[in-house]
Number of protein chains: 2
Amino acid sequence: MSETKLTTRERILAAALELFSERGYFNTAVPDIVKASGVSTGSIYHHFKDKEGVARALFSDLLAQMDDKLAHIDANNEGAEAQCRAVVALLFQMASEQPRVMAFMLSARHREFMPNEPPICSSRPFNKMRELVASGIEEGVVRSGDPMVLSAMLFGGPLRMISLHLDGILERPLAEYLDESWQSAWRAVAV
Amino acid sequence: MSETKLTTRERILAAALELFSERGYFNTAVPDIVKASGVSTGSIYHHFKDKEGVARALFSDLLAQMDDKLAHIDANNEGAEAQCRAVVALLFQMASEQPRVMAFMLSARHREFMPNEPPICSSRPFNKMRELVASGIEEGVVRSGDPMVLSAMLFGGPLRMISLHLDGILERPLAEYLDESWQSAWRAVAV
DNA sequence: GTCTATACAGTGATAGAC
DNA sequence: GTCTATCACTGTATAGAC
């Protein structure tokens, strides 16, 4: 536990992530963040403009992390099929290991508390996923069609599995559904 | 416009649906519902226990409506494949014609404002969809496998298309994506 | 940069007349 | 059943000392 080594900013964001993903943004008061982080109200407002600013910084950090991981996948896998499969595996792994992070990123209604933020499906990670499908079409491993639709079909099923997992509906650990999910999903778009 | 003929209760629920789905539950104050419905604060609290009670009634009504429509599909279509396809068509149609309703039902984080409500994916309509897939397996038109997974794969893609539509990402009207979406989705689970 | 104390707005909910 | 008026409180954000 290197929690002591975290900067003030990091402690605030860690507490906010915990609380926002657990109870939701609107059920979290600033004094809750104060208690959970051990940082004072004044410090929070020194580091962030307002409560929404905390959420924005958190969301932006998480998107950047996700973006890094996708870039890593891109570099370490050969061909669109392997890359897409690695993306699904990554999403499953993150949903298992950091369910809070995934809940905040995928399920939260960001627009409700960050009115000026674009919807998550137009974020870089989601665009990257669409690009992968598009290159799959060029490679000839994905049938031709609207990349938007094909991307929704390829990743929509696995993302639903993640939702079910986050809602506590699945009987077994999410990882055990990976193979079957991927095989089904790939059938939807394969040539 | 038969708005004048609505009962007080209906006017409250109609206004609440409009506001909750537009701005979200937490961005809607009771006085907002008062203004939008033309009904007084006192009347709202006469008909509902509290603000959460309004949301619960609304959600329950919408689920029941959806349930009716699914029963109708069940009765008017022969075979699991046709029934599943009709479900997807219905969802697309509703998302086009009543985007607010669908946004409130599919995307809202209900647990955040109705703590005792079960997650929507364990609601009757979603169970019905899983049952359809299960009967598809029995009929031999859907490959054998975990019905939970297969259901997620069949409906996950189309539901993502609906999300994209509700977020305003799609270039064309949702209806134009129906055929391509269905064909892809069905491939994922067909024998 | 961090803290405590506090101002102030806006919220959910009630009281009580009609 | 419906209304108006009002309360008590919570939550955001600021002021200002250290």
Side-chain angles (χ1 to χ4, degrees), chain A residues 3-59 61 104 108-117, chain B residues 2-61 104 108-117:
Chain A
E3 294 217 351
T4 329
K5 303 189 70 178
L6 294 175
T7 66
T8 301
R9 183 193 149 95
E10 286 166 338
R11 290 207 290 171
I12 296 166
L13 291 178
L17 172 59
E18 188 79 7
L19 292 166
F20 290 169
S21 58
E22 180 88 351
R23 326 174 172 175
Y25 177 85
F26 292 103
N27 289 322
T28 302
V30 175
D32 296 332
I33 304 179
V34 170
K35 285 172 210 141
S37 65
V39 168
S40 71
T41 312
S43 275
I44 293 177
Y45 282 94
H46 174 76
H47 286 275
F48 303 96
K49 178 172 171 287
D50 51 19
K51 184 185 166 188
E52 181 185 333
V54 176
R56 295 173 73 93
L58 181 56
F59 190 55
D61 279 13
F104 183 70
R109 308 305 313 156
H110 309 104
R111 311 292 294 277
E112 286 184 13
F113 50 90
M114 302 183 297
N116 298 322
E117 209 72 12
Chain B
S2 57
E3 294 219 352
T4 328
K5 303 188 68 177
L6 295 175
T7 66
T8 301
R9 183 194 149 95
E10 287 166 340
R11 290 207 289 173
I12 296 166
L13 290 178
L17 172 58
E18 187 80 6
L19 293 165
F20 291 169
S21 58
E22 180 90 350
R23 326 174 173 175
Y25 177 86
F26 292 103
N27 289 323
T28 302
V30 175
D32 295 333
I33 304 179
V34 170
K35 284 173 211 140
S37 66
V39 168
S40 70
T41 313
S43 276
I44 293 178
Y45 282 93
H46 174 76
H47 286 276
F48 304 95
K49 177 172 172 285
D50 52 18
K51 184 185 167 188
E52 181 185 333
V54 177
R56 295 173 74 92
L58 181 55
F59 190 54
S60 162
D61 278 13
F104 183 70
R109 308 304 316 155
H110 309 105
R111 312 291 296 275
E112 287 184 13
F113 50 91
M114 302 184 296
N116 298 322
E117 209 72 12

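Both backbone and side-chain heavy atoms feed into the values below; hydrogens, waters and symmetry mates do not. Computed from a predicted model, the values in this text were never measured in an experiment.
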> How would you list all residue pairs meeting side-chain hydrogen bond (donor to acceptor under 3.5 Å, both in side chains) that involve residues 34-43 of chain A, not counting sequence neighbours?
Replying inline: none

>> Within residues 19-37 of chain B, which residues have any heavy atom lying less than 4.0 Å from an atom of DNA chain C?
In response: B/Thr28, B/Ala29, B/Val30, B/Pro31

>> Can you list everything that forms a ring pair (Phe, Tyr, Trp, His ring centres under 6.0 Å) with A/Phe20? Sequence neighbours excluded, please.
In response: A/Tyr25

> Going by the ring-ring contact (aromatic ring centres under 6.0 Å, His included) test, which pairs reach into residues 39-61 of chain B, not counting sequence neighbours?
Replying inline: B/Phe59-B/His110

>> Testing the basics here: between A/Ala16 and A/Leu58, what is the closest heavy-atom pair and its distance to 0.1 Å?
In response: C-CD2, 4.0 Å

> According to the salt bridge (charged side-chain N to carboxylate O under 4.0 Å, His left out) rule, which pairs have a member within residues 36-55 of chain A, sequence neighbours left out?
Replying inline: A/Glu52-A/Arg56

>> Need the bend value for the helix from C/dG1-D/dC18 to C/dC18-D/dG1: angle between end axes, 5 pairs each end, nearest 10°.
In response: 0°

> Does anything in residues 43-54 of chain B reach DNA chain C, meaning a heavy atom under 4.0 Å, and if so which residues?
Replying inline: B/Tyr45, B/Asp50, B/Lys51

>> Under 4.0 Å from a heavy atom of chain B: give me the 5'-most and 3'-most nucleotides of DNA chain C that qualify.
In response: C/dT11 to C/dT14

>> Please enumerate all residues that pass salt bridge (charged side-chain N to carboxylate O under 4.0 Å, His left out) together with A/Glu10, with sequence neighbours excluded.
In response: none

> At their closest point, which heavy atom of A/Ala57 faces which heavy atom of A/Arg9, and how far apart are they?
Replying inline: CB-NH2, 4.1 Å

>> With a 4.5 Å cut-off on side-chain heavy atoms, are A/Thr8 and A/Ile12 touching?
In response: yes

> Who are the side-chain contact (heavy atoms from CB on, under 4.5 Å) partners of B/Arg111, not counting sequence neighbours?
Replying inline: B/Pro119

> For B/Arg23, what residues pass the side chain to side chain donor-acceptor pair (under 3.5 Å) criterion, not counting sequence neighbours?
Replying inline: B/Asp32

> Got a sec, which residues hit salt bridge (charged side-chain N to carboxylate O under 4.0 Å, His left out) with B/Glu22, two or more places apart in sequence or on another chain?
Replying inline: B/Arg100

